[in-house]
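Report on the following structure.
Keep in mind the model is a prediction, meaning the values are calculated, not measured. Only heavy atoms go into these numbers, but all of them, side chains included; no hydrogens, no water, no symmetry mates. In what follows, chains carry the letters A, B, and so on, assigned in the order in which the sequence lines appear, proteins first and then strands, with residues in each chain numbered from 1.
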There are 2 protein chains.
Amino acid sequence: MSTNVRRAPAKKALPHPDLREIPVYLVLRALGEPLRLGIVRSLARAGRPMNCSSFGLSVSKSTSTYHFRVLRESGVISQFEEGTSRYSELRETELEQRFPGLLTAILAAEESAAAE
Amino acid sequence: MSTNVRRAPAKKALPHPDLREIPVYLVLRALGEPLRLGIVRSLARAGRPMNCSSFGLSVSKSTSTYHFRVLRESGVISQFEEGTSRYSELRETELEQRFPGLLTAILAAEESAAAE
DNA sequence: GCAATGGTACGATGAATCTCGTAGTACGAG
DNA sequence: CTCGTACTACGAGATTCATCGTACCATTGC
């Protein structure tokens, strides 16, 4: 942070699937797991890319890498690298276009299920 | 069908979970499988209880029993016995109340994914 | 009663999933 | 260059899932 001069972002992209080729059951399967649903909920709440390590997941690093990959390969999140860390972001707009109302309904449901 | 006199319905009920105790990820997991999603889609299209054997599933009897049980235990369908066969029905109203918009979004998505 | 129909329950088996540890890579600070 | 940070990839183990065959139980019809 020594300067505010434009720096090279170094945002390396990772392979992401085309949402049009993702059947809905793959998205449902990806979200049908508490840890992954929690990740998605955090991302939706944040509304911006999040560092993988800022989720406070109570599993090992390799396990969380695995879950992030499942989410990415089912088209739910996108990831890019910046410097030494990897950021994840909800593919909210694309999901809404491909599966209208789905993410909204799931997130709303999750809120009301927080009691249990 | 010899008479149209009121007959004892013999609708034996099976144990069904209370939707309020079903977390959303269980429903998503149940629907995250092509065969089960197909069953749900058929039920939604029919709009009334369907005989288990009228789905034309291309799996063995025991396998389809298994999938129907998963759907029932995750609160997606209800089943009752009538005579020699068992009928399944979408718990559409209850699902809509518990997870507003979820089923609608999933079924709509499934329609548009029929191309692939 | 006897057989046919339509389904269940109970293993068993192979595949997929989830978890982890270890080893390794890439970047930034010093 | 060396160290620490933030991850990944790979391989292994345990658990769950999907499928099936066989045996079995109700109901209907003869």
- Task: Answer with base, sugar-phosphate or nothing: what part of the nucleic acid does B:Ser85 contact at a heavy-atom distance below 4.0 Å?
- Result: sugar-phosphate
- Is the base of D:dG21 touched by the side chain of B:Ser62 through a donor-acceptor pair closer than 3.5 angstrom? yes
- Query: Picking from D:dT8, C:dG6, C:dC20, which would you name as closest to the side chain of A:Val59?
  - Reply: C:dC20
- Message: Check whether B:Glu96 reaches the backbone of B:Gly101 with its side chain - one donor and one acceptor, N or O, closer than 3.5 Å.
- Response: yes
- Task: For B:Thr63, answer base if it contacts any base atom (sugar-phosphate contacts may also be present), sugar-phosphate if it contacts only those atoms, and nothing otherwise; contact means non-hydrogen atoms under 4.0 Å.
- Result: base
- When rounded to whole Å, the CG to P distance for the pair B:Asn51 and C:dT8 reads 10 Å
- Do any N or O atoms from the side chain of A:Arg72 and from the backbone of A:Leu14 form a donor-acceptor pair under 3.5 angstrom? no
- Note on the structure: A:His67 has its side chain closest, among C:dC18, D:dC7, D:dT19, to C:dC18
- Message: By the 4.0 Å heavy-atom rule, please label B:Val70 as base, sugar-phosphate, or nothing.
- Response: nothing
- Which one, C:dC18, D:dC7, D:dC20, comes nearest to the side chain of A:Tyr66? C:dC18
- Hey, which sits more toward the 5' end of DNA chain C by its nearest nucleotide, B:Lys61 or B:Arg29? B:Lys61
- Nearest-Å distance, CG (A:Leu14) to P (D:dC7)? 12 Å
- Where each residue is assigned the nucleotide of DNA chain D containing its nearest heavy atom, which of B:Gly32 and A:Arg69 is assigned the position nearer the 5′ end? A:Arg69
- Task: Could you check which of C:dT5, D:dC20, C:dG7 has an atom nearest any side-chain atom of B:Ser53?
- Result: C:dG7
- Query: So do the side chains of A:Val76 and A:Leu103 get within less than 4.5 Å of each other, counting heavy atoms only?
  - Reply: no
- Query: What are the two closest heavy atoms between A:Phe55 and A:Leu43, and how far apart are they?
  - Reply: CZ-CD2, 3.8 Å
- Query: Got B:Pro34 and A:Arg29 here, is their nearest side-chain heavy-atom distance under 4.5 Å?
  - Reply: yes
- Item | Between D:dA18 (C1') and B:Ile39 (CD1): distance, integer Å | 13 Å
- The nucleotide from D:dA18, D:dA6, C:dG7 with an atom nearest the side chain of B:Arg36 is D:dA18
- Query: To the nearest Å, how far apart are B:Phe68 CZ and C:dG6 P?
  - Reply: 14 Å
